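Right, one structure below, let's go through it.
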Amino acid sequence: MPEMTFVEATLEALDNAMARDPSIFVVGEGIGERGGNFNTTVGLYDKYGPERLCDTPISERGFVGMCAGAAMTGTRPVVDFMFFDFILDAFGELVNQIAKMQYMSSGRLKMPILLRGAIGIGHSAATHHSGSYYPIFAHLPGFRVVVPSVPSDAKGLFATALQSDDPVLFLEHKSLLFNRGEVPEGEYTIPFGQARIAREGTDCTLVAIGSMVDKTLAACERLAEEGISCEVIDPRTIAPLDMETVLASVHKTGRLLIVDETFQPCGVGAEISAQVIYRGFDDLDAPIRRLNGAHVPTPYSPTLEEATVPEAEEIEQSIRDLLAE
Amino acid sequence: MPESEQLLALYREMLIIRYTEEQLARSHQMGLIHGACHTYVGEEAIATGVCAHLRPDDAVFSTHRGHGHALAKGVSPREVIAELFGRSTGCSEGRGGSMHLFKPEVGMMGTSGIVGPCILQAAGAGYSFKLLKSDQIGVAFFGDGAVNNGAFHEGLNLASIWKLPTLFVCENNMYATEVPFAYSAGNPHVGNRGPAYGMKSLTVDGNDILAVYEAAGEAAQRARGGEGPTLIECRTYRTRAHAEGMRDAGYRTPEEVEEWKARDPITRYNGWLLENEEAGPETLAAIEAEVKEMVADAEEFARNSPWPEADTVSEHVFSQR
């Protein structure tokens, strides 16, 4: 199987879809001839031209609202935000228009719009270039929210997003973009709402999201040397959320820790916990734990920035604490 | 100048809007409308004059005062009234109400409770049509209130740089809810703002159906021909309150309302048709009677229509695919 980066994997999926479907076009700042700040569209401008690789002014609300209208009238826009933080300037268009359009029109309009951007803390990007925000969107009816962690999933989930008639938010953690991994050749899709078991185990269940998957796997690797067996679940999509896989795992292990870089209050971990308590209460041998990034705007200085993100050592300690309950 | 047959069609369309709106106002008083109801009384010439140039596959995006746009674009009075009554036969099957009227089958892509987005969405329709190499056009109807919103600036700029086949129709009725446009805009003219975006723009008397018809016809032709967007300011006035049931005082004088009532677009056009011998009084009276009956039938249809089934509440959040 060939190896490629996370970005190369989504680029291949985008290229395949654009070759087949002339209604797909991409908008964003510097995504045309330049190929995108994160190389997300490299080479496509020469193949598909300026109307399908459309450079925009710095006008997020404008082009997101415009793409809503395009999606309602027969084309399939892909909005490349570069940094996902910029989507907030278009929040009203997203929440009041894009997410509600299918419902308001009683299902007679579709909303095939894909919104992608880099999320996450790292490289002293500071607070306007480090947000993730996916719990906010998962809270609202109408969005599909995808947070992949490995290149092979990124390719298959991106292909699914490009075929979806629903608005899809595709969030790519900056620290993963240039990670390499094995990626199947050719075209394939991965359904939304189907978690991936990243590591099988019997002593505890760890749900890890985005960049936390690799860090959690590293912690499990160390604990395995002591004979501790952890199961790691990567939900891959936050909405829809595959609770069946989580519940089946907790049924087996009796213990659950959710590791997520985004904020704890009203977050993904809170939702998973509530569902496990309601549907799997008798399976639990210990209180559910959550490990999250600090509930602060992301600071700039490396020492402060590091203090906001869970690292492998901290995850390892949380697992030990969970098993000691 | 439109053909004689078209002249009467314009008259009939304006009456459909007027009588439907007057019916909705009565129904609101009777408690048959459950939410807000912003009528278009006094502004009928604009939707009528613009939509006369549109085909069913052209896309209209509208605002909270949108009943007239929906009707002129081909949504029937039955479907509009039933939607406001919250019935399953409404154009949005009861999921929308007054401010969310949808009928994509005839190119009515929605009215909106938020001021501004229709401008961006109409530009987006223009982008689709340009990409798909069709000669369809996108049209945004919005009030003077939207002109001070960022969506106006961003949408016009995007439409201009990409020469999108889009019409931006501003219905300047002088008040954003109850705030005067003259107070809220540093430049209280809309029709001269086009050049700021490299776009053709003009101002017309929005209560003159023939002036609107002519301006919109030229703009539509330019858009279909690949010559880009146009901004049309239509000066007009709503003669009823901002919304039914709201107090209509403290921000405008009764004299001002009366003055504008005297410029009523339907009365004016009726006089013009008679004066120019385009129609006799019997012909016009027959049209009035026919439309009255149509609206009465629509109200009865809506009142007798079934409610949506409660167990369908979660349908259509996502596509069925």
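What you are looking at is a predicted structure, and each value in this text was computed from that prediction instead of being measured.
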Between [X] and [Y], is the ring centroid distance below 6.0 Å?
{"X": "A/Phe84", "Y": "A/Phe170", "value": "no"}
{"X": "A/Phe86", "Y": "A/His129", "value": "yes"}
{"X": "A/Phe38", "Y": "A/Phe83", "value": "yes"}
{"X": "B/His69", "Y": "B/Tyr40", "value": "yes"}

Pick whichever of [options] has the most heavy-atom pairs under 4.5 Å with chain A.
{"options": "B/Cys118, B/Gly116, B/Pro104, B/Gly96", "value": "B/Pro104"}
{"options": "B/Gly110, B/Gly124, B/Ala59", "value": "B/Gly124"}
{"options": "B/Ala125, B/Gly107, B/Ala123", "value": "B/Ala125"}

Side chains of [X] and [Y]: donor-acceptor distance under 3.5 Å anywhere?
{"X": "B/Glu309", "Y": "B/Thr312", "value": "no"}
{"X": "A/Arg144", "Y": "A/Thr160", "value": "no"}
{"X": "B/Ser98", "Y": "B/His67", "value": "yes"}

Which atoms of [X] are under 4.5 Å from chain A, going by heavy atoms: the side chain, the backbone, both sets, or neither?
{"X": "B/Asp57", "result": "neither"}
{"X": "B/Leu131", "result": "both"}
{"X": "B/Leu101", "result": "neither"}
{"X": "B/Glu315", "result": "backbone"}
{"X": "B/Ser112", "result": "side chain"}
{"X": "B/Phe318", "result": "both"}

Looking at [Y] and [X], is there a salt bridge between them, counting it only when a charged N and a carboxylate O are closer than 4.0 Å?
{"X": "A/Asp234", "Y": "A/Arg196", "result": "yes"}
{"X": "A/Arg279", "Y": "A/Glu244", "result": "yes"}
{"X": "B/Glu171", "Y": "B/Arg65", "result": "no"}

I need the residue from [options] with the largest number of non-hydrogen atom pairs under 4.5 Å to chain B.
{"options": "A/Met111, A/Gln102, A/Arg108", "result": "A/Arg108"}
{"options": "A/Gly74, A/Gly92, A/Ser106, A/Gly107", "result": "A/Ser106"}
{"options": "A/Lys100, A/Met101, A/Met104, A/Glu93", "result": "A/Met104"}

Quick one: sort the B/His242 and B/His64 rings into parallel, tilted or perpendicular, breaks at 30° and 60°. tilted
Select one option (side chain, backbone, both, neither) describing which atoms of A/Pro167 are under 4.5 Å from chain B's heavy atoms.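 For A/Pro167, no heavy atom lies under 4.5 Å from chain B.
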What residues of residues 42-73 of chain A sit under 4.5 Å from chain B when only non-hydrogen atoms are counted? A/Pro50, A/Glu51, A/Arg52, A/Cys54, A/Asp55, A/Thr56, A/Pro57, A/Ser59, A/Glu60, A/Arg61, A/Gly62, A/Phe63, A/Gly65, A/Met66, A/Ala68, A/Gly69, A/Ala70, A/Met72, A/Thr73
To check you understand the geometry: which heavy-atom pair defines the closest contact between B/Gln136 and B/Asp58, and what is its length?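 Between these two residues, the closest heavy atoms are CA-OD1, 3.3 Å.
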